[in-house]
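Below is one structure; the comments refer to it alone.
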Amino acid sequence: MALVLEKAKKLKLLILDVDGVLTDGRLFFDNEGTEYKCFHARDGHGIKLLRQTGVDIAVISGRNSNSVALRMKSLGIEHVYQGHENKRSAFAELLEKTGIKPEQAAHVGDDLLDLPIMTLVGLAIAVSDANFAVKERADWCTTLPGGQGAVREVCDLIMQAQGTFDKVLDSYLK
C-alpha cells in the first residue's frame with residue numbers, strides 16, 4: 001500500500017472509464033432505443049472534491065452516450081472522450097492537451113479495453129468487480145464495485161496521499 005500512496009502523491013490527472021467504473025456496467029434501453037445509465041452520487045461528489053484540490057479528471061469510454069456527456073458536464077469534466085475503443089490514441093491526445101506526463105496520471109478500469117492505458121500510467125486501478133486480467137495488472141483494487149462508490153474510494157485515496165483530504169473534511173466541519 002505504501003507504493004500505491006507514493007504513486008498517488010504524484011498524480012495530476014485521474015482518468016476514468018465509464019461502463020463498469022462510473023456505472024455498474026449494465027445498459028438500459030427503452031423501446032425507442034434511448035439509453036439510460038445510473039451514476040452514484042458519492043462518485044460525483046468525490047470527483048468534485050478531487051477537482052477542487054487541483055487534480056484534473058478525464059473520461060475515456062469505448063461507447064458513445066448522451067447521458068455520459070450530460071453527467072460529465074454537470075460534474076465540470078472537460079476532458080471527455082467517447083467512442084474510443086482504441087483508448088491509447090485518446091490517452092495520447094489527452095496528455096498532449098494537458099501537458100501531463102504518463103506517470104502523473106492514474107486510470108481506473110474494469111475490462112480489457114482499459115489495459116492499454118493502465119499499462120502506461122503511473123497508477124493503474126481496477127474496481128473490485130473488474131475482469132481478473134485487469135485486476136492482475138492493477139497497482140491497486142478498490143473494495144467497492146464499479147458504479148457503487150468505487151470512484152469515490154479512488155478520489156479519497158488520492159486526496160489522502162496528497163495531504164488534501166483533511167482540508168476538504170475541515171470545510172464540512174466548520
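All values reported here derive from a predicted model rather than from experimental measurement.
Cluster annotation: I47 and Y172 are assigned to the same hydrophobic cluster (Ile/Leu/Val/Met/Phe/Trp/Tyr, side-chain heavy-atom contacts under 4.5 Å, transitive). Connection of L94 to I117 is established within a shared hydrophobic cluster, with ILVMFWY side chains joined at heavy-atom distances below 4.5 Å, either directly or through further cluster members. Note: the hydrophobic cluster containing L75 also contains L16 (ILVMFWY, side chain heavy atoms under 4.5 Å, direct or indirect links). The cluster map of Ile, Leu, Val, Met, Phe, Trp and Tyr, joined by side-chain heavy atoms under 4.5 Å apart, puts V21 and L49 in the same cluster. Cluster annotation: V127 and I158 are assigned to the same hydrophobic cluster (Ile/Leu/Val/Met/Phe/Trp/Tyr, side-chain heavy-atom contacts under 4.5 Å, transitive).
Each of V55, V168, D166 was scored for a side chain to side chain contact (heavy atoms under 4.5 Å, CB included) with M159, with one residue passing: V168.
Salt bridge annotation for K87-D17: present, with a cationic side-chain nitrogen under 4.0 angstrom from a carboxylate oxygen. Using a 4.0 Å cut-off between charged nitrogen and carboxylate oxygen, K174 and D170 do not count as a salt-bridge pair. For D56 and K12, the salt-bridge test fails: no basic side-chain N is under 4.0 Å from an acidic carboxylate O.
Checked by atom type and distance alone, the side chain of D129 pairs as donor or acceptor with a backbone atom of G146 at under 3.5 Å. Between the side chain of D24 and the backbone N or O of G147 there is no donor-acceptor pair closer than 3.5 Å. Checked by atom type and distance alone, the side chain of D111 never pairs as donor or acceptor with a backbone atom of L113 at under 3.5 Å. Side-chain atoms of Q162 come within 3.5 Å of backbone N or O of L11 as a donor-acceptor pair. Panel note: side chain R51, backbone G76; a donor-acceptor pair is recorded below 3.5 Å. The main-chain N or O of S128 is found under 3.5 Å from a side-chain atom of T142 such that the two form a donor-acceptor pair. With D43 contributing its side chain and V151 its backbone, the two residues share a donor-acceptor pair below 3.5 Å.
Counting heavy atoms from C-beta outward, W140 and V154 have side chains that approach closer than 4.5 Å. A heavy-atom distance below 4.5 Å is not found between the side chains of V108 and I15.
When all heavy atoms of D110 and D114 are compared, the pair lying nearest together is N-OD2, 2.9 Å.
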(request) Begin from the C-alpha positions of L22 and V68 and carry the test side chain to side chain contact (heavy atoms under 4.5 Å, CB included) through to its verdict. (result) CA-CA 10 Å; L22 282 166; V68 170; over 6 Å; no

(request) Please step through side chain to side chain contact (heavy atoms under 4.5 Å, CB included) for the pair C155 and L14, ending with a clear verdict. (result) CA-CA 9 Å; C155 293; L14 175 62; 4.2 Å; yes

(request) Apply the test salt bridge (charged side-chain N to carboxylate O under 4.0 Å, His left out) to residues E35 and K37: give CA-CA distance (whole Å), side-chain angles for both, the deciding distance (0.1 Å), then the verdict. (result) CA-CA 7 Å; E35 182 179 17; K37 293 184 184 285; 3.1 Å; yes

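Not counting sequence neighbours, the partners of L144 by the side chain to side chain contact (heavy atoms under 4.5 Å, CB included) test are A150, E153. Considering only residues two or more places apart in sequence or on other chains, A90 meets the side chain to side chain contact (heavy atoms under 4.5 Å, CB included) condition with I60, Y81, H84.
To the nearest 0.5 angstrom, H107 atom NE2 is 10.0 Å from L13 atom CG. A distance of 9.5 Å separates CD of E85 from OG of S61, quoted to the nearest 0.5 Å.
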